[in-house]
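Below, each value reflects all heavy atoms present in this structure, side chains not excepted, and no hydrogens, waters or symmetry copies.
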Amino acid sequence: MNYSINIRGRLLDLSEPRVMGILNVTPDSFYASSRKQTELEVSERVSQMVSEGATIIDVGACSTRPGSTPVDEAEEMQRLRMALDVVRRSVPDTPLSVDTFRPAVARMAVEEFGVDMVNDIGEGQPEMLRMVSRLRVPYILMAAQPTLRDTLLLLAERVQQLRDLGQKDIILDPGFGFGKTLEQNYALMGELEKLQVMELPVLVGVSRKSMIYKLLGSTPDNALNGTTVLNTIALMKGASILRVHDVKEAVECCRMIVKELRS
């Protein structure tokens, strides 16, 4: 599928897969090496990801790992204001995404820092749908459903609601690691190509998640190889965006898949 999304008047071509680099400005994200909390750490990390080929930077300030307690809205905003200011100065031309399930946080990020898209793990609650439709930025809609059928049903309902509100650019995230058992995650990966029926770009985020390290009896620190394997499968099944901690490896994966598909 030859998709594109509108980033503030510029079309971002998704006919070839893109890599979204993860920036966590939290003290408790599940992968410790991804946590960046000082201005210097944030600047160095985003500059590294862009130099390695990241097309989009996804900034999150509220951990949603299993068992975590989300910080309150004020703390999330405080963390984001520090990080987004640094990121905007460090990589001013790189599209930014804000990873949040709170409408007010999304609004702050877009209106104060010109963030280019909203990445919502909240499954598209009504207030968030109304907010992104007003902000007029691309929206990543995640489904935390256990099966492909349930995922498609939720996504279809939310996409129609978004269309009714006038939302143009929508990206689908099947929510690996959210609301699913280990077996359900792999069953969904096995049928991932069926999401193409929605005729919208698909984002896959499996980077170093428990579906990898629990299967292999390992840890997030040792889950890069498994991540690359699943990213390869996702690309073969039509994923347009890979959301990752390890940008260089994901970019190489994308280049090799594109080469293979063109040969």
Legend entry - Any donor-acceptor pair under 3.5 Å from Asn185 side chain to Phe176 backbone: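 Such a contact is absent between Asn185 side chain and Phe176 backbone.
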
Could you check whether any side-chain heavy atom of [X] comes within less than 4.5 Å of a side-chain heavy atom of [Y], counting everything from C-beta outward?
X      : Y      : value
Leu23  : Asp99  : no
Gln145 : Glu123 : yes
Ile140 : Met20  : yes
Met211 : Tyr186 : yes
Leu235 : Cys254 : yes
Asn24  : Ser63  : no
Asp169 : Tyr3   : no
Val115 : Val59  : no

Inset, instruction - Would you tell me whether Ser47 and Ser90 have side-chain atoms, one donor and one acceptor, within less than 3.5 Å of each other? - result: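 Side-chain D/A pair, Ser47 to Ser90: absent.
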
Inset, instruction - Taking atom types as modelled, find out whether Thr228 and Asn231 have a side-chain donor-acceptor pair closer than 3.5 angstrom. - result: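 Thr228 vs Asn231: no donor-acceptor pair found between side chains.
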
Legend entry - Matching residue for Arg158 among Leu141, Ile170, Leu172 - test: side chain to side chain contact (heavy atoms under 4.5 Å, CB included):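 The single option meeting the side chain to side chain contact (heavy atoms under 4.5 Å, CB included) with Arg158 is Leu141.
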
Legend entry - Pro138: which of Asn6, Ile7, Ile56 passes side chain to side chain contact (heavy atoms under 4.5 Å, CB included):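 Per the side chain to side chain contact (heavy atoms under 4.5 Å, CB included) rule, the option paired with Pro138 is Ile7, out of Asn6, Ile7, Ile56.
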
Around [X], counting heavy atoms of other residues, nucleotides and ligands shown, do more than 12 lie under 6.0 Å from its [atom1]?
X      : atom1 : result
Lys237 : NZ    : yes
Arg149 : CZ    : no
Glu157 : CD    : yes
Met256 : CE    : no
Glu260 : CD    : no
Asn225 : CG    : no

Legend entry - Co-membership, hydrophobic cluster, residues Leu216 and Val229, 4.5 Å side-chain: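 Same cluster: Leu216 reaches Val229 through Ile, Leu, Val, Met, Phe, Trp or Tyr contacts under 4.5 Å.
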
Inset, instruction - Treating Ile, Leu, Val, Met, Phe, Trp and Tyr as nodes and any side-chain heavy-atom pair under 4.5 angstrom as an edge, say whether Val197 and Leu148 lie in one connected cluster. - result: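 Val197 clusters together with Leu148.
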
Inset, instruction - Mind jotting down which residue pairs meet the salt bridge (Lys or Arg N to Asp or Glu O under 4.0 Å) criterion with at least one end in residues 172-186? Sequence neighbours excluded, please. - result: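 Qualifying pairs: none.
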
Inset, instruction - Any pair with a residue in residues 103-119 that passes salt bridge (Lys or Arg N to Asp or Glu O under 4.0 Å), sequence neighbours left out, goes on the list, sorted by first then second residue, please. - result: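 Non-adjacent pairs meeting salt bridge (Lys or Arg N to Asp or Glu O under 4.0 Å): Arg8-Asp116, Arg81-Glu112, Arg88-Asp116, Arg107-Glu111.
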
Legend entry - Worked verdict on His245 versus Thr227 for side-chain contact (heavy atoms from CB on, under 4.5 Å): CA-CA 10 Å; His245 299 94; Thr227 298; over 6 Å; no

Inset, instruction - I would like to know whether Ile212 and Arg208 meet side-chain contact (heavy atoms from CB on, under 4.5 Å); could you show each step before the answer? - result: CA-CA 6 Å; Ile212 298 167; Arg208 296 183 180 267; 5.9 Å; no

Inset, instruction - Sequence neighbours left out, what passes salt bridge (Lys or Arg N to Asp or Glu O under 4.0 Å) with Asp58? Give chain and number order. - result: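 With neighbours one apart ignored, the set is Arg243.
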
Inset, instruction - Go through Thr219 and Asp221 one step at a time and tell me if the side-chain hydrogen bond (donor to acceptor under 3.5 Å, both in side chains) criterion holds. - result: CA-CA 5 Å; Thr219 66; Asp221 288 339; 4.8 Å; no

